[in-house]
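What you see below is based on every heavy atom in this structure, not just the backbone, and it leaves out hydrogens, waters and symmetry mates. Note that the structure is a prediction, hence the values are computed from the model and not measured.
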Amino acid sequence: MPAFDVSENEAAEVEVTHCGYIAIVGRPNVGKSTLLNHILGQKLSITSRKPQTTRDQILGVKTEGHIQAIYVDTPGLHLGSDKAMNRIMNKTAAAALKDVDVVLFVIDADRWTEEDESVLQKVKHARCPVILVVNKVDQLDQQDDLLPRLANLSDRMNFSQIVPISALRNKNLDRLERLVESYIPEGTQFYPEDQITNRSSRFLAAEIVREKITRQLGQEVPYEVAVQIEEFTYEESAIHISALILVERNGQKRIIIGERGDKIKLIGKEARIDMENLFQHKVMLNLWIKVRSGWSDDERALASLGYQEE
């Protein structure tokens, strides 16, 4: 018998592992990033009441024993803008539908929009199970409306499953995760069990700063803001981070700075607290702002910031 053969008993002890990719797609502001954060039990994707907060494809990895689920959080698929940034965001989201094992199509419980219909036409071409995730069911005025609503949604496509949830309230997420796991194929796990994302600490730090700007300023500074980490240095006493905030107009710079610098101080304070929670280390954060006109519609500028078309 060859030396590399194993006995039947030894073979039986080899644990079979499962690993698969799950794309989270939907129009802007339906709660995709909130869903990912609550599934992971840790804040990874930035969230905001503003649509199109997520710009990049972010992987969130959850490993429980022999099952590794790799969730792909995507920008919201949207209509009505020809800017280079918007084209890249839509292509990034659409690309996530390729080569995944499950698609989670997330919608709001209380309405169906033209953008939802546009996403539906894309997920119909997916070559894997599509689970319709009906989010924010806790916000329905009449809970009796839910069952007729789900029945109506089932007529739009032959979904593998329809699952009503509240991502924010952690309602029914256990059921959703068990369904997802049932579709994950056997395979080698790609990430160590303690790794939760494919993204670098620099990327996560930049996203935290951008979230705080979005939350503090609302509609005052729309989408013409990017954040680039210029320094990220680990020292025993602290992590030193310098972040460049890029805007398109001088007026936007003044808004972010605020009266007597109050806004930029608050943004820095809240970002530092989140970074310290994420990195489990003291953070020394320095923010500065630069005006670069037209960067969000300049493909070369976008590429230098890490946004590139597929």
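- Using a 4.0 Å cut-off between a side-chain N of Lys or Arg and a carboxylate O of Asp or Glu, Arg149 and Asp110 do not qualify as a salt bridge.
- Remark: the Gln68 side chain and the Thr63 side chain contain an N/O donor-acceptor pair separated by less than 3.5 Å.
- Taking OG of Ser154 as the reference point, atom CD of Gln161 lies at 12.0 Å (rounded to 0.5 Å).
- We find that Asp73 and Lys32 are not joined by a salt bridge, their nearest charged nitrogen and carboxylate oxygen being 4.0 Å or further apart.
- Residue Ile273 is not grouped with residue Val227 when hydrophobic side chains (ILVMFWY) are merged at heavy-atom distances under 4.5 angstrom, including chains of intermediate members.
- Contact annotation: the side chain of Leu278 approaches that of Gln42 to within less than 4.5 Å [non-hydrogen atoms, C-beta and beyond].
- Using modelled atom types, one side-chain atom of Thr197 and one backbone atom of Leu59 make a donor-acceptor pair closer than 3.5 Å.
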**Request:** Begin from the C-alpha positions of Phe232 and Phe203 and carry the test ring-ring contact (aromatic ring centres under 6.0 Å, His included) through to its verdict.
**Result:** CA-CA 10 Å; Phe232 195 106; Phe203 173 86; over 10 Å; no

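- Between Arg156 and Glu117, at least one side-chain nitrogen of the basic residue sits less than 4.0 Å from a carboxylate oxygen of the acidic one, meeting the salt-bridge criterion.
- Counting heavy atoms from C-beta on, the side chains of Ile107 and Val134 come closer than 4.5 Å.
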**Asked** Going through the distances and angles, do His38 and Leu173 end up as a side chain to side chain contact (heavy atoms under 4.5 Å, CB included)?
**Response** CA-CA 8 Å; His38 281 270; Leu173 296 194; 3.7 Å; yes

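- Residue Gln143 places its CD atom among more than 12 non-hydrogen atoms of other residues, nucleotides or ligands, all under 6.0 Å distant.
- Taking His240 as the reference, Glu235 meet the side chain to side chain donor-acceptor pair (under 3.5 Å) condition, with sequence neighbours excluded.
- Rounding to the nearest 0.5 Å gives a distance of 8.0 Å between CD1 of Ile165 and CG of Asn172.
- Considering CG of Asn135 and CZ of Arg169, their distance stands at 11.5 Å, rounded to 0.5 Å.
- What you find for Val103 and Ala126 is that their closest heavy atoms are CG2-CB, 4.2 Å.
- Taking the six-membered ring where tryptophan is involved, the planes of Phe105 and Phe159 are tilted, since the angle between them lies from 30° to 60°.
- Using a 4.5 Å heavy-atom cutoff, the side chains of Asn198 and Val61 are not in contact.
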**Request:** Start with the C-alpha distance between Ile239 and Thr233, add both sets of side-chain angles, then the distance that settles side chain to side chain contact (heavy atoms under 4.5 Å, CB included), and finish with yes or no.
**Result:** CA-CA 6 Å; Ile239 304 173; Thr233 306; over 6 Å; no

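- In this view, Gln142 and Asp145 satisfy the side chain to side chain contact (heavy atoms under 4.5 Å, CB included) rule, not counting sequence neighbours.
- To the nearest 0.5 angstrom, Ile267 atom CD1 is 6.0 Å from Ile256 atom CD1.
- Atom CD of residue Glu248 and atom NZ of residue Lys253 lie 15.0 Å apart, to the nearest 0.5 angstrom.
- Side chains of Met157 and Val130 form a contact here, defined as non-hydrogen atoms less than 4.5 Å apart.
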**Request:** Kindly indicate, with the supporting measurements, whether the criterion side chain to side chain contact (heavy atoms under 4.5 Å, CB included) is fulfilled by Asn286 and Ile241.
**Result:** CA-CA 6 Å; Asn286 178 45; Ile241 300 174; over 6 Å; no

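- Nearest heavy atoms, Gly20 versus Ile184: N-CG2, 3.4 Å.
- When the ring pair (Phe, Tyr, Trp, His ring centres under 6.0 Å) test is applied to His66, the partners found at least two apart in sequence or on another chain are His18.
- The cluster map of Ile, Leu, Val, Met, Phe, Trp and Tyr, joined by side-chain heavy atoms under 4.5 Å apart, puts Leu150 and Trp112 in the same cluster.
- Within the structure, side chain to side chain donor-acceptor pair (under 3.5 Å) contacts touching residues 181-195 (residues at least two apart or in different chains) are Arg178-Glu181.
- Ion pair Arg111/Asp116 not flagged as a salt bridge, since none of the NZ, NE, NH1 or NH2 atoms sits closer than 4.0 Å to an Asp/Glu carboxylate oxygen.
- Residues Ile70 and Ile22 are not in side-chain contact: their nearest non-hydrogen atoms beyond the backbone lie 4.5 Å or more apart.
- Looking only at atom types and distance, the side chain of Thr34 has no donor-acceptor partner in the side chain of Asn37 under 3.5 Å away.
- In the hydrophobic clustering of ILVMFWY residues, with side-chain heavy atoms under 4.5 Å counting as a link, Leu266 and Ile245 come out apart.
- Summarising the geometry of Glu276 relative to Val283, their closest heavy-atom pair is OE2-N, 3.0 Å, with the distance given to 0.1 Å.
- Considering all non-hydrogen atoms of both residues, Ala243 and Ile229 come closest at CB-CD1, 3.8 Å.
- In this structure, CD1 on Ile67 lies 10.5 Å from SG on Cys19, to the nearest 0.5 angstrom.
- Every residue two or more places apart in sequence or in another chain was checked for a side chain to side chain donor-acceptor pair (under 3.5 Å) with Asp101, and none qualifies.
- Cluster partners of Leu244 are Trp288, counting Ile, Leu, Val, Met, Phe, Trp and Tyr whose side-chain heavy atoms approach within less than 4.5 Å, directly or via other members.
- Contact of the Val25 side chain with the Leu104 side chain is not registered, since no non-hydrogen atoms from C-beta on lie closer than 4.5 Å.
- Not one N or O on the side chain of Arg249 forms a donor-acceptor pair closer than 3.5 Å with the backbone of Val291.
- Although no hydrogens or angles enter the test, the distance criterion places no donor-acceptor pair under 3.5 Å between the side chain of Gln216 and the main chain of Lys212.
- Residues Glu115 and Thr113 bring no donor and acceptor atom of their side chains to less than 3.5 Å of each other.
- The residues Glu177 and Lys62 are annotated as salt-bridged, a charged nitrogen and a carboxylate oxygen being separated by less than 4.0 angstrom.
- Considering only heavy atoms from C-beta on, Leu146 comes within 4.5 Å of Val137 through its side chain.
- No side-chain heavy atom of Lys269 sits less than 4.5 Å from a side-chain heavy atom of Lys265.
- The two residues Ala238 and Met284 make their nearest non-hydrogen contact at CB-CG, 3.8 Å.
- Connection of Leu168 to Val30 is not established within any shared hydrophobic cluster, with ILVMFWY side chains joined at heavy-atom distances below 4.5 Å, either directly or through further cluster members.
- Residue-environment remark: CG (Asn152) exceeds the threshold of 12 foreign heavy atoms within 6.0 Å.
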**Request:** I would like to know whether Leu204 and Glu207 meet side chain to side chain contact (heavy atoms under 4.5 Å, CB included); could you show each step before the answer?
**Result:** CA-CA 5 Å; Leu204 297 175; Glu207 287 289 271; 5.6 Å; no

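- Counting all heavy atoms, side chain and backbone alike, Ser166 lies closest to Asp138 at OG-OD1, 3.0 Å.
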